[in-house]
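FYI, side chains are in, hydrogens and waters are out, and symmetry mates aren't considered; it's all heavy atoms of this structure. Quick caveat: nothing in here was measured; it's all calculated off a predicted structure. Order of the sequence lines fixes the chain letters, A, B, ..., with proteins taken first and strands second; residue numbering starts at 1 for each chain.
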2 protein chains.
Amino acid sequence: MKTQYYVASSLDGFIADRENRIDWLMEFGMEEFSADYAAFIENIGVIVMGSRTYEFLLGEGLAEWPYAGQMCWVLTSRELPRIEGADIRFARGDITDLHREWAAAARDLGKDIWIVGGGDVAAQVYDAGLLDELLITIMPVVLGAGAPLLPTAANSPVFEVVETHAFSGGALGATYRTRR
Amino acid sequence: MKTQYYVASSLDGFIADRENRIDWLMEFGMEEFSADYAAFIENIGVIVMGSRTYEFLLGEGLAEWPYAGQMCWVLTSRELPRIEGADIRFARGDITDLHREWAAAARDLGKDIWIVGGGDVAAQVYDAGLLDELLITIMPVVLGAGAPLLPTAANSPVFEVVETHAFSGGALGATYRTRR
């Protein structure tokens, strides 16, 4: 069971632009990444996201909930709308306690945990020493400012690189393992 | 004649940490990158840096000036110490006018221009439409905060990827060409 942060970033480390939008990402077209995503999501039993990521998905007017095969935890201190037919649990509290629940659920399923985002949620998990892997797709674009990839509290230890690959359109994919 | 920004960055887009230090970079050891650097610097006739980068180099107590083979422009509005035996010109003013001078000198030498940094100098060159290539070495480390890679004024157009390569220690190298 692994806890993974799978995310697309600009070259300069932003996951959303200064208006908190991802139009710049969508412009690349997602076809090229669909096999990579399919291989990834197949092993995911539990997903975790912050309230703003959840609200972003709500605002997208999705025809269907894209994570029907996963348990979804949304970290929030607010009341948020539910989505018909989606397995969503709203939660707040200590990240280590919460992670124990996510891990138990993922183990029961024989699958992994995906920290969807935003960066602040991933940073909380990272800072608590609970992140196993960072799977990043680095897009060939500079945003200059925006929502940071992983706003951790301190310089991190070095990551170990597990694997890297180049997409034909210029994106770079890399899997990093955190050192404990 | 090309104007290139050749730089090492953390995974999350910082070129120096929150204390403006590069210890995190030096920890990787530079041997692995020496061939890459040697191939790069061979084609550089003119280097350009901001005053803080210059002062950083001064503070390093270098046994010898590392850019003896290049003309060096330092962008500054302050009086700064000179270095014995180094070809250094202090300058201030409009970046497009200055770039005309750098380009003329580089062309005379049959070589290219290296924007050494910091990110703000590279961003000025980029925003003026004068940056041809970004040559980045992405180190397997997250800093969380620090000096940004390329703090441009606006979302940039997409870069074209010229070439990518993986270093054995986990760094990723990539050359990007700006689109005009």
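Most heavy-atom pairs under 4.5 Å with chain B, from the set A:G144, A:G169, A:G119: that is A:G144. Annotation: maximal heavy-atom pairing with chain B below 4.5 Å, among A:V142, A:V161, A:D12, occurs at A:V142. Between chain B and the options A:D17, A:I15, A:V162, heavy-atom pairs under 4.5 Å are most frequent for A:D17. Of the residues considered (A:L134, A:L149, A:I136), A:L149 shows the highest number of contacts with chain B, using heavy-atom pairs under 4.5 Å. Counting heavy-atom pairs closer than 4.5 Å to chain B, the top residue among A:R18, A:M139, A:E160, A:E27 is A:R18.
For a residue to count as touching a neighbouring chain, one of its non-hydrogen atoms must lie under 4.5 Å from one of that chain's; by this rule A:A153 touches chain B with the backbone only. Interface residue A:V141: backbone and side-chain heavy atoms are both found under 4.5 Å from chain B. Heavy atoms closer than 4.5 Å to chain B are found in the side chain of A:F28, but not in its backbone. Both the backbone and the side chain of B:L143 come within contact range of chain A, with heavy atoms under 4.5 Å apart. When heavy atoms are compared at a cutoff of 4.5 Å, A:A166 approaches chain B solely by way of its side chain, counted from C-beta outward. When heavy atoms are compared at a cutoff of 4.5 Å, A:L150 approaches chain B by way of both its backbone and its side chain.
Under the 4.5 Å side-chain heavy-atom criterion for ILVMFWY residues, no single connected hydrophobic cluster contains both A:I115 and A:Y67. Linking Ile, Leu, Val, Met, Phe, Trp and Tyr whenever their side-chain heavy atoms come within less than 4.5 Å puts A:I113 and A:V121 in one cluster. One hydrophobic cluster holds both B:I88 and B:L62 under the rule that ILVMFWY side chains link at heavy-atom gaps under 4.5 Å. Hydrophobic clustering (ILVMFWY, side-chain heavy atoms < 4.5 Å, transitive): B:W73 and B:L57 are in distinct clusters. Cluster annotation: A:Y6 is not connected to A:L130 through the hydrophobic network of ILVMFWY side chains, with a link wherever side-chain heavy atoms come within less than 4.5 Å.
Looking at every heavy atom in both residues, B:P140 comes nearest to A:Y176 through CB-CE2, 3.6 Å.
Annotation for B:R89: atom CZ counts as buried by contact number, over 12 foreign heavy atoms lying within 6.0 Å. By the neighbour-count criterion of 12 heavy atoms within 6.0 Å, atom CD of A:E64 is sparsely surrounded, having that number or fewer from other residues, nucleotides or ligands. Annotation for A:E79: atom CD does not count as buried by contact number, only 12 or fewer foreign heavy atoms lying within 6.0 Å.
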As a quick check of understanding, evaluate side-chain contact (heavy atoms from CB on, under 4.5 Å) for A:T164 and B:T164, giving each step before the final call.
CA-CA 10 Å; A:T164 65; B:T164 66; over 6 Å; no
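To the nearest 0.5 angstrom, A:F159 atom CZ is 6.5 Å from B:L11 atom CG.
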